[in-house]
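Lettering of chains follows the sequences in order, A, B, ..., and the numbering in each one begins at 1.
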Number of protein chains: 2
Amino acid sequence: MTKAARTVSNKTTLDFNAYLKQRAHLVEKNLSKFTAKIPNSPKILTDSMEYSLQAGGKRVRPILAMATAEAFGKKAADVMPAACALEMLHTYSLIHDDLPCMDNDDLRRGKPTNHKVFGEDLALLAGDALLTYVFEVFAQNGKIKTIGAENTLNALQNFAHRAGASGMVGGQTADVYAEGMGTHEAASVRAEKLKKTSKKLSDKSLHYFLLPSSVKETTPENVLRYIHANKTGALICASVETGALLAGAKGADLKHIQQYAQCIGLVFQIVDDILDVTASAEQLGKSNSDAQNGKLTFVSLFGLEGSRKHAQLLIAKAQKALDCLKNVKRKNLTPLYAMAEFFKTRTY
Amino acid sequence: MTKAARTVSNKTTLDFNAYLKQRAHLVEKNLSKFTAKIPNSPKILTDSMEYSLQAGGKRVRPILAMATAEAFGKKAADVMPAACALEMLHTYSLIHDDLPCMDNDDLRRGKPTNHKVFGEDLALLAGDALLTYVFEVFAQNGKIKTIGAENTLNALQNFAHRAGASGMVGGQTADVYAEGMGTHEAASVRAEKLKKTSKKLSDKSLHYFLLPSSVKETTPENVLRYIHANKTGALICASVETGALLAGAKGADLKHIQQYAQCIGLVFQIVDDILDVTASAEQLGKSNSDAQNGKLTFVSLFGLEGSRKHAQLLIAKAQKALDCLKNVKRKNLTPLYAMAEFFKTRTY
C-alpha cells in the first residue's frame, strides 16, 4: 500500500459488523422485491424459492459485488439486480447440494432444508427456477443507465463462466467424487469403486472424475486446490468481478481486483474448513458433515495450524492487490480491506 | 395473407425434411464446438453434458430461432450462440425431468437416460452445468456485430423469463402435482394427499400447487392449459421470440410473431399428447409413460379427435399470424409456414 493510501484507509473508521448487517438487510429487501415479481408461477414454486432465499446467511456475495462497484465509482444501487442474482445463484446451489442424491442434509442454517419442507421434486425445480431467474434478474442490470447493456453482458458472461462447469459446478463434481479421499483412502481403491458405477466409465482413470486436463497429476493436494478454487471460490471471485465489470473496470485494475477476488475466494473455503472442525453444529446451523463424511479438506490435508497460516498468507496477498489499484475511490476500498480482515478473525 | 405474399410462398418449394435434417446437423456441429470450449471442468462432467446434448432429437428450438431471425433479415449464423443455448436449455430440462425424484425414466430417445449412465448426482450437476452454460453461450451472441449487446440482453431476459418459474419450470411444477388428475381422480382427494406431504402445506388449497393467482378456477382444463402453455409451449415460444428479438423485431411485427409462437408452442405439446397415445414406444424412443401414469393430457381431457381439431385450429391461427407480418423477407417465411404444416402432419 502506498503511504498516502494507507493513511486514508486508516483514517476511515468502519463498524464492519454494522455495515454487513445493514447491507444484508438491503439485499434481503431487494430479494423479496424480485421474488414478488414472478407473475405466472404456481404459488408453491415461488414459496419454495423464497423459503431458501430468506433462510438467512451473511449475503457476502452481493455485499462484495456492491462494495467493488463502489470502489470503482458506482453506487450500490447501480448493481443491485446483479448483486441479488449472485445471492440467488448461491441459494440454488445450496438447495441442490442438500438433496438426497448429493449431501442428503436435513438442516441448513438451523432450518429444515428445502426438500424436507417441499419434497425432493419441488426442491429440484425450485433450484432450477432460481438458477434461471438469476439470469433474468442479472440482465435487468442493463436497464440501469450508469451501467448499460455492454458492461452487463460482459459481467453476465463472466459470472456464468464462474458458476458453471468451468467453475462452481466443476468444483462440486470433483467434490462428489473426492469424498473419502480425506480419510486417506488410497486413490487406486477409490478409482476401482468409481469404475463399477457404469460400463461407460469402466476404463477411466481417477483423473477423469476429479480434474480438468490442465491439471496434470491426480494428487490429493491438486484435487483439494481444484475443489476449493471452484466449489466456493469461483462464486466469491465472481462477486468481486461482477462489481468490477459492471463498473467498467479494465486493464491493470481489473487484474489486481481479480487477484484480490481469487485470494478472498480461496480463503473463504479454507475458513469454512477450519470452522467445520472448530465450531459447534449449533454455531454453524448444520451438522459437521464434512469432517464426519471424511471429505478432503484443507484441515484434513494440512492440519489446523497449516490451514490458518495458509489463509493468512492469502489475506495479506489480497490486501496487497488492493494497494495496487489506481483508478478507484480509495476511501471506498475500506469495506474490501475490512472483508479480508473479517476472514482473518473467523480463522480463530 | 395478402395475395402477393401467398403467391411468393406458394412459389417457393422447400424439401422441409431435408431442410430440418441439414439444420439439425448444423446445430449439432455447433453444439460440439461449444462443449469443446469448457476449459476448466473435470472430463466426466463435460462428457455427461455432451452425452445428453448429442443423444438426438429434431433440434426444433434452434431451428425455429434461426428461421425467425432469417425472416427478419438476419443470417442463421448471426444467432447461432443463442440457438445452441436454446437446445442446451431443452437438454438440461430433459436430464432433470428423467431423474428418479421426477419421472424416473430409464430411456430417452432409445438410449439410457443420463443418470443411468453417470449416476444421479452427476446427472443433477450436468443439468445444472448445462443450464448455467446456456447463459454463458447466449451472452456470446452480443459479440456478433449484426446483433449487438442491447438486442442480445433483451432476448436473453425474455428467454430466461420463458424458461423459469413464469414459464417452463412453472409448467413442470404444475405437471408434477397434476399427476393422477388425468384418471379423473377427484381434485379434493388429490389435495388431501398433497397436504400430508408437509406441515407447511397442510392448509393449502389445490390451487396453491397447480396454478398462478392470475388463473381463477382450479378446473382440470385450466390446469391442462397452464401446463401445456408452459411446460413445453414456453420454450418453443421463446425460440421464435429469441430469433425475432435478436433481429430487432418491434411493434406490430413482434406481436404477430409472438402470436405465431404461442400457437406453435401449444400445438407442439398437443401433438406430443396425441403421439403418446398413437405411436409405439419404439417410435417415440421412450415408454408411453404419460398415458400409463394417468397424466392430465389433451387426449385424456378432449379425446383424440377433439385434440386433433384443436391442434389444427391453432395451426391455422399461427399461419394467419405470419400473413400479417410486414417488415420481413417474405420468401424467408417459408420454413415458418412449413413448420406449422409439419405439426399438422404429425397429428395423424
Side-chain angles (χ1 to χ4, degrees), chain A residues 38-46 49 92-93 96 99-102 117-122 124-125 127-129 131-133 135-136 139-140 142 149-150 152-153 156-157 160-161 163-167 169-170 172-174 176-177 197-198 200-201 204 207-214 230, chain B residues 38-46 49 92-93 96 99-102 117-122 124-125 127-129 131-133 135-136 139-140 142 149-150 152-153 156-157 160-161 163-167 169-170 172-174 176-177 197-198 200-201 204 207-214 230:
Chain A
I38 304 176
N40 192 40
S41 162
K43 186 71 165 51
I44 189 173
L45 180 58
T46 40
M49 293 160 78
Y92 114 79
S93 78
H96 281 187
L99 282 172
C101 71
M102 297 286 289
V117 177
F118 294 95
E120 215 178 313
D121 45 10
L122 205 74
L124 173 69
L125 291 171
D128 289 347
L131 174 51
T132 313
Y133 199 44
F135 294 98
E136 185 181 346
Q140 289 177 33
E150 204 148 332
T152 299
L153 207 59
L156 185 148
Q157 193 177 332
H161 185 75
S166 283
V169 184
Q172 282 174 314
T173 300
V176 161
Y177 290 110
T197 58
S198 164
K200 204 177 157 71
L201 308 179
K204 303 298 183 189
H207 192 286
Y208 178 78
F209 298 91
L210 292 169
L211 289 166
S213 57
S214 56
N230 290 285
Chain B
I38 304 175
N40 192 40
S41 162
K43 187 71 165 54
I44 190 174
L45 180 59
T46 41
M49 293 160 78
Y92 115 78
S93 78
H96 281 187
L99 283 172
C101 72
M102 297 286 289
V117 177
F118 294 94
E120 215 178 315
D121 44 10
L122 206 75
L124 173 69
L125 291 171
D128 289 346
L131 175 51
T132 313
Y133 199 44
F135 294 98
E136 185 181 346
Q140 289 177 32
E150 203 148 332
T152 300
L153 207 59
L156 185 148
Q157 193 177 332
H161 185 75
S166 283
V169 183
Q172 282 174 316
T173 300
V176 161
Y177 290 110
T197 58
S198 163
K200 204 178 156 69
L201 308 177
K204 303 299 182 190
H207 192 286
Y208 177 78
F209 299 91
L210 292 168
L211 289 166
S213 57
S214 56
N230 291 285

In terms of heavy-atom pairs under 4.5 Å with chain A, which of [options] leads?
{"options": "Pro39(B), Ser213(B), Gly119(B)", "value": "Pro39(B)"}
{"options": "Lys43(B), Gln140(B), His207(B)", "value": "Lys43(B)"}
{"options": "Thr152(B), Asn230(B), Leu211(B), Leu125(B)", "value": "Leu125(B)"}
{"options": "Ala165(B), Gly164(B), Gly170(B)", "value": "Ala165(B)"}

Which heavy atom of [X] sits nearest to which heavy atom of [Y], and what is that distance?
{"X": "Leu153(B)", "Y": "Gly142(A)", "value": "CD2-CA, 3.6 Å"}
{"X": "Phe118(A)", "Y": "Tyr177(B)", "value": "O-OH, 3.8 Å"}
{"X": "Thr132(A)", "Y": "Ala160(B)", "value": "CG2-O, 3.3 Å"}
{"X": "Phe135(B)", "Y": "Phe135(A)", "value": "CD1-CD1, 3.2 Å"}
{"X": "Asp121(B)", "Y": "Cys101(A)", "value": "CB-O, 3.3 Å"}
{"X": "Asn40(A)", "Y": "Ser214(B)", "value": "OD1-OG, 4.3 Å"}

Within a 6.0 Å radius of atom CD on Glu150(A), are there more than 12 heavy atoms belonging to other residues, nucleotides or ligands?
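No, not enclosed.
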
[X] side, atom [atom1]; [Y] side, atom [atom2] - distance, nearest 0.5 Å:
{"X": "Leu122(B)", "Y": "Gln172(A)", "atom1": "CG", "atom2": "CD", "value": "11.0 Å"}
{"X": "Phe209(B)", "Y": "Leu45(A)", "atom1": "CZ", "atom2": "CG", "value": "12.5 Å"}
{"X": "Leu156(A)", "Y": "Glu136(B)", "atom1": "CG", "atom2": "CD", "value": "9.5 Å"}
{"X": "Thr173(A)", "Y": "Leu124(B)", "atom1": "OG1", "atom2": "CG", "value": "9.5 Å"}

Give, as side chain, backbone, both or neither, the part of Tyr133(A) having an atom under 4.5 angstrom from any heavy atom of chain B.
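No part of it gets close to chain B.
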
Tell me, with the steps shown, if Lys204(B) and Ile44(A) meet side chain to side chain contact (heavy atoms under 4.5 Å, CB included).
CA-CA 9 Å; Lys204(B) 303 299 182 190; Ile44(A) 189 173; over 6 Å; no

With under 30° as parallel and over 60° as perpendicular, where do the rings of His96(A) and His96(B) fit, or are they tilted in between?
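The arrangement is perpendicular - the two ring planes meet at more than 60°.
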
Which one of Ala163(A), Ser41(A), Ala149(A) has the most heavy-atom pairs closer than 4.5 Å to chain B?
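Top count of heavy-atom pairs under 4.5 Å with chain B: Ser41(A).
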
